[in-house]
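A short write-up of the structure that comes next.
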Amino acid sequence: MPTTRINFIDELQWRGLFYQASDEPGVRDHLASGTRRAYAGFDPTADSLTIGNLVPIMMLRRFQEAGHRPVVVMGGGTGLIGDPSGKEKERDLRTVEEVQGNVDAQRPIFESILDFDGPNAAMIVNNYEWLGDLKFIEVLRDVGKHFSVNQMIQKESVRERLTNREQGISFTEFCYVILQAYDFMWLRRHHDVTIQLGGSDQWGNMVSGMDLIRRLEPESRNESWVVTNPLVTKADGGKFGKTETGAVWLTADRTSPYAFFQFWLNAADADVIRFLKFFTLLPQERIAELESIHESEPHRREAHRELARAATMLVHGADAAETAEAAGKALFSGEVSRLDRATLEEVFAEVPSSNHAKAELGSGLSLVEFLVETSLAKSKRESREFLGNGAVTVNERKVGPDDTLSSEDLLHGDLMLIRRGKKSWHVCRWG
RNA sequence: GGGCGUGUACCGAAGUGGACAAACGGGUCAGACUGUAAAUCUGAUGGCAUAGCCUUCACAGGUUCGAAUCCUGUCGCGCCCA
């Protein structure tokens with residue numbers, strides 16, 4: 001147990017991460033009186049997780065920092081059904097193999113952010129372990145009896161779909177809440193998990209779990225709480241976590257540490273302090289300090305840098321964060337063509353790249369066409385537009401629609417750096 | 001089962017025989033200004049061999065010199081009746 005034990009609920013509150021708790025005084029007492037276990041569930045809908053999932057992961061991490069034991073529940077079972085919350089449409093069912101594969105692929109993410117050693121080690125469980133063996137008759141008799149259909153159809157996520165004639169809701173998804181409730185009950189019973197953490201949109205599913213525990217567990221063991229965090233929003237009203245190229249993922253195969261770092265660095269001023277509180281472990285004093293620096297000297301972008309550094313370090317590790325930052329510095333210094341080969345090589349690993357045959361350069365290669373090849377432009381029309389706008393540079397030299405590439409544009413004999421707009425880089429290697 | 005209505009680009013929404021690759025708004029992308037920010041202004045937003053050509057207005061046919069627009073059928077959706 002850490003010597004300076006932070007108070008979990010206080011911590012969430014000053015960070016703006018506390019939305020609602022089923023019984024705040026109760027959960028405070030509970031946490032103060034021992035080492036507790038809390039869980040958060042994750043849906044294996046893909047083979048990676050996005051920064052949207054980073055909030056609950058960080059909730060677990062903070063819980064751990066507060067001296068308790070976090071439990072990650074991977075939805076190997078619930079993922080086979082699909083949570084209707086926030087979904088307009090019925091989901092396509094995934095195969096057991098697919099879901100298992102996703103569970104396995106997501107596991108390392110948790111392993112890098114949470115601590116799995118020591119007295120308050122984190123643990124990971126897969127709810128397929130207990131949901132997979134359930135028998136229909138038993139569930140209907142032992143669990144189903146405690147759910148009122150009248151209440152279930154009142155749930156926001158269900159009601160929406162019930163009144164929507166175009167979509168409707170299947171019995172399968174309608175029953176999702178029962179499985180999530182069962183998870184909580186099972187974890188209470190077998191792992192002494194007393195708290196469920198989640199986003200405010202999960203409130204309904206979470207309290208259903210508390211209800212079930214109250215009904216199925218003897219009085220001595222029926223204490224349970226739920227704590228929710230607010231959903232992350234952006235100051236400009238846009239959807240959090242989206243970029244020009246799509247979602248921001250937590251694994252390097254889908255979003256490079258460089259792109260990840262850049263995402264945070266480009267956060268809006270109005271969001272940066274909030275994000276520091278949400279997505280980093282920096283202490284209150286440090287964040288207050290950054291806030292005042294940010295207010296007096298916004299152009300230095302200290303808060304942004306620190307946010308990007310801290311978040312990237314958490315997800316990708318210190319080395320990757322350093323490389324990502326260095327790559328960004330190199331690219332935005334405006335002196336790329338003067339960088340030495342070793343630095344360039346490092347930068348290359350971080351940004352999108354492609355290989356080409358040197359022979360293509362021969363008598364001059366049309367940039368209009370080449371831009372499409374590098375996927376910096378979607379079509380030649382767009383390519384011409386970018387070039388016409390003066391949005392494209394080759395090794396930091398501005399080029400136009402009539403320009404061509406030749407072997408004179410190669411750095412160190414075989415490399416070329418193309419930029420579209422302010423931030424989209426592409427590296428070409430010519431062999 | 002019957003009646004009426006409706007289906008347009010990423011989204012919303014005009015257009016009801018030619019000047020329509022299709023108004024307008026949002027979104028998105030780019031340029032300028034900045035701080036790799038926001039706001040603002042400007043431009044772009046089906047594709048290409050770009051003074052031009054090709055493919056689009058749910059789908060399949062038809063009328064016409066000419067169709068997003070008219071007709072027929074199919075499908076989806078909405079409302080009303082049974």
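All figures in this text were calculated on a predicted structure; none of them were measured in a lab. Reminder, nothing fancy here: chain letters follow the sequence lines and each chain counts from 1.
Remark: A:Arg420 is in phosphate contact with B:A30, judged by side-chain N or O atoms under 4.0 Å from OP1 or OP2. Between A:Arg381 and B:G47, a side-chain N or O to OP1/OP2 separation shorter than 4.0 Å is present. When the side-chain nitrogen and oxygen atoms of A:Lys398 are compared with OP1 and OP2 of B:A30, none of them lie within a distance under 4.0 Å. Side-chain N/O atoms of A:Lys234 include none lying less than 4.0 angstrom from OP1 or OP2 on B:A38. One finds no side-chain N or O of A:Ser379 lying less than 4.0 angstrom from the OP1 or OP2 phosphate oxygen of B:G46.
In this structure, B:A39 forms no base pair with any nucleotide, since neither Watson-Crick nor G-U wobble geometry is met with both distances under 3.5 Å. Pairing partner, B:G7: B:C75, with both Watson-Crick or wobble hydrogen-bond distances short of 3.5 Å.
Using a cut-off of 4.0 Å between Lys/Arg side-chain N and Asp/Glu carboxylate O, A:Arg62 and A:Glu65 are scored as not salt-bridged.
Aromatic rings of A:Phe110 and A:Phe42 (six-membered ring for Trp) have centroids within the 6.0 Å cut-off, being under it. Ring to ring, A:Trp264 and A:Phe279 are close: their centroids are under 6.0 angstrom apart.
Each of B:G35, B:U36, B:A30 was ranked by its minimum atom distance to the side chain of A:Pro298; first place goes to B:G35. Here the nucleotide nearest the side chain of A:Asp269, chosen from B:A49, B:A37, B:A44, is B:A37. When distances run from any side-chain atom of A:Ala268 to the nucleotides B:G31, B:A38, B:G35, the shortest one goes to B:A38.
No donor-acceptor distance shorter than 3.5 angstrom exists from the side chain of A:Asn395 to the backbone of A:Arg397, with no hydrogens or angles considered.
The separation between A:Glu295 atom CD and B:G35 atom C1' is 16 Å, rounded to whole Å. Put simply, CG on A:Leu387 is 14 Å from P on B:A30, counting in whole angstrom units. The separation between A:Arg309 atom CZ and B:U36 atom P is 16 Å, rounded to whole Å.
At least one side-chain heavy atom of A:Val143 sits under 4.5 Å from a side-chain heavy atom of A:Val139.
A:Arg300 comes within 4.0 angstrom of no nucleic acid atom, judged by non-hydrogen atoms across all strands. At the heavy-atom level, A:Glu382 lies nowhere under 4.0 Å from the strands shown. Contact annotation for A:Lys422: base contact, defined as any heavy-atom pair under 4.0 Å involving a base atom. A:Ala235 comes within contact range of no nucleotide atom at all, as no heavy-atom separation falls under 4.0 Å. Heavy atoms of A:Phe332 sit under 4.0 angstrom from at least one base atom.
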